[in-house]
Protein chains: 2
Amino acid sequence: MSLLKKRLPAEVDLPLHTQAYLQIRDAILAGKLPPGAPISRRSLAEQLKMSTLPVSDALLRLESEGLVESRPRAGTRVKIPTVSEINGNYVVREALETHSARLFAELASVRDRKRLLKMSRDLDRCYLLLGRTTTPDADKHSAAEKLHLEFHMLVAEATGCKELAAAIERSRVLLFNWLFMTTGDYIPLPPRWHGELAEVLVNGTPDEAAEKMRVHVRYRKDAVLAKFESLHAADQQLSKAIARGPQRARRQSALLILRRD
Amino acid sequence: MSLLKKRLPAEVDLPLHTQAYLQIRDAILAGKLPPGAPISRRSLAEQLKMSTLPVSDALLRLESEGLVESRPRAGTRVKIPTVSEINGNYVVREALETHSARLFAELASVRDRKRLLKMSRDLDRCYLLLGRTTTPDADKHSAAEKLHLEFHMLVAEATGCKELAAAIERSRVLLFNWLFMTTGDYIPLPPRWHGELAEVLVNGTPDEAAEKMRVHVRYRKDAVLAKFESLHAADQQLSKAIARGPQRARRQSALLILRRD
DNA sequence: AACCAGAAACTGATATTCCAGTTTTCAGAT
DNA sequence: ATCTGAAAACTGGAATATCAGTTTCTGGTT
């Protein structure tokens, strides 16, 4: 049984290494390949019906983007971030998103401002529902995060600067993946959390927008970091073994859900 | 005659594709492969004494970083940026560097603050000398820009966040390369330009540092953009031909200095 | 049981080879 | 001279095969 779809016909005219990149990336982001999961070029090539060469190209690219880590001649796996890397990611994100917010307040179109307000209401409603459910649902959680991503990308794209939007997306993709590691207990957000943010972005001065966004980005940072630290501590020996260790893990842990077909 | 060094012995234990990446990148940044220069995987592989495969891997990586552009089955060349891309690069850089300045003011060590002040004096002196010379010297220009890069990297590294420093370096490397396209007439800087910046970073509040850095980053932006626009306009048909056109250009222009051995 | 060495299995890296698409060249027609 | 079109040259993409390093397995020793 394969974890991946086989050759979407829609992507048929892209180079194989691009198809491989997109499909592996999607599999990781969808949680089919969770952090720590070993990746075999050969079996992946078989599943994707291509040679190992385009798969290697795709993995090289994913590695340079920080989604995957590889040790020469030993193995490749979905990257398990360190606490320091997560912290660094948040720092970069704060830089990019505060600037994005500033530019949005300065030059977003009326149409985009209205769209942002509407999306903020949807998002708040979505999180509210999520907070009420007794049993944590991974799918709903994932859907909410996807909407959250869309919200921030709307802000970035409304600035009209593609490069800024791309940089923010890169930064967010990593965090998006890592959030699945902590899925289970949900970190609650204040009510109207995004509504208030959108309000300031739409009607506030650029400085106010930037500062509001700064608070927004920082809000989850400490909670996420603390959770990662406790996970790493609880699982110290496994974590250490994995740091330089084998590719094919056979044990499960609170931190990792590893699969071996 | 080869443009590239052949296999540095110091890098001998790195994977070949990494060696290729480093050497090609250095060749581009040193101006041996100027923007627009065609890149042949086969001849490059021969020069580097390896097969085309690691060279392809290296070029794929350089492409994802924006230093090189490739059209399937047509050719690869050092990237010629558009005006919009240069503008986007400046936007991202402003976001990263203002945040870097803010963090520096907040938590840089005394040692790093002193080092920054010293370097700012050296840098100002360097630019002063550059402004006085009658004939523009590409080597001196390059040396000054290298020092300039070091200055900003010191600020970034003193924040203690590796990911932020890496993001700033990526962003700056592109501009560094593009600046060589405009070498010839020098855009003068006010005296004590970096001295004043360093002063605020070292002694000012985080907000003051961020705003000072914002002004600093924006200063050259308009001048650089204007120059690029005029170059593109003056060279419109060639520029257009190149946009989708042939790999091996045989003509020279104000914009491009293309080589064919 | 715990341990250790050697064999087997697997891994990523690389060379070689071939293929199909693009560009260039150049002879022949206008 | 200028245009045209077919062939030649070159390009990047991909498959296959092989190599050397790492990890895992296995069976014998203590």
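Per chain, numbering begins at 1; letters A, B, ... match sequence-line order.
Residue contacts for A/Ser56: at a heavy-atom cut-off of 4.0 Å it reaches no nucleic acid atom on any strand shown.
Formation of a donor-acceptor pair under 3.5 Å by the A/Ser56 side chain with backbone atoms of A/Thr52 is found in this model. Checked by atom type and distance alone, the side chain of B/Ser171 never pairs as donor or acceptor with a backbone atom of B/Ala167 at under 3.5 Å.
Comparing atom distances between the B/Arg73 side chain and each of D/dA14, C/dA15, C/dG21 picks out C/dG21 as nearest. Considering only the side chain of A/Ser51, D/dT16 comes nearest among C/dG12, D/dT16, D/dG12. Each of D/dA15, C/dA15, C/dT11 was ranked by its minimum atom distance to the side chain of A/Ser40; first place goes to C/dT11. Closest contact between the side chain of B/Ala74 and the listed nucleotides D/dA15, C/dT22, D/dG12 involves C/dT22. Listed nucleotides: D/dA15, C/dG12, D/dG13. Nearest to the side chain of A/Arg42: C/dG12.
For C/dA15, neither phosphate oxygen OP1 nor OP2 lies less than 4.0 angstrom from any side-chain nitrogen or oxygen of B/Thr52. Residue B/Arg71 places none of its side-chain N or O atoms closer than 4.0 Å to OP1 or OP2 of C/dG21.
The pair A/Glu97-A/Lys221 fails the salt-bridge criterion, with no side-chain N (NZ, NE, NH1 or NH2) lying under 4.0 Å from an Asp/Glu carboxylate O.
B/Arg172 has its side chain out of reach of B/Glu169: every pair of non-hydrogen atoms, C-beta onward, lies at least 4.5 Å apart.
The interatomic distance linking A/Glu63 (CD) with C/dT11 (P) rounds to 16 Å, in whole Å. Atom pair A/Arg41:CZ and D/dA14:C1' shows a separation of 16 Å (rounding to whole Å applied). Here the C1' atom of nucleotide D/dT11 and the CD atom of B/Glu69 are 15 Å apart, to the nearest Å. Rounding to whole angstrom units, CG of residue B/Leu44 and P of D/dC10 are separated by 16 Å. Protein atom CG of B/Leu62 is 16 Å distant from nucleotide atom C1' of D/dG12, rounded to whole Å. Rounded to an integer number of Å, the gap from CG of A/Leu16 to C1' of D/dA15 is 10 Å. Rounded to whole angstrom, the span from the CG atom of A/Leu14 across to the C1' atom of D/dG12 amounts to 15 Å.
Of the residues near DNA chain C, B/Leu53 and B/Pro72, the one whose nearest nucleotide (by heavy atom distance) lies more toward the 5' end is B/Leu53.
A side-chain hydrogen bond (donor to acceptor under 3.5 Å, both in side chains) with B/Thr76 holds for exactly one of B/Arg41, B/Glu69, B/Glu63, B/Arg71; it is B/Arg41.
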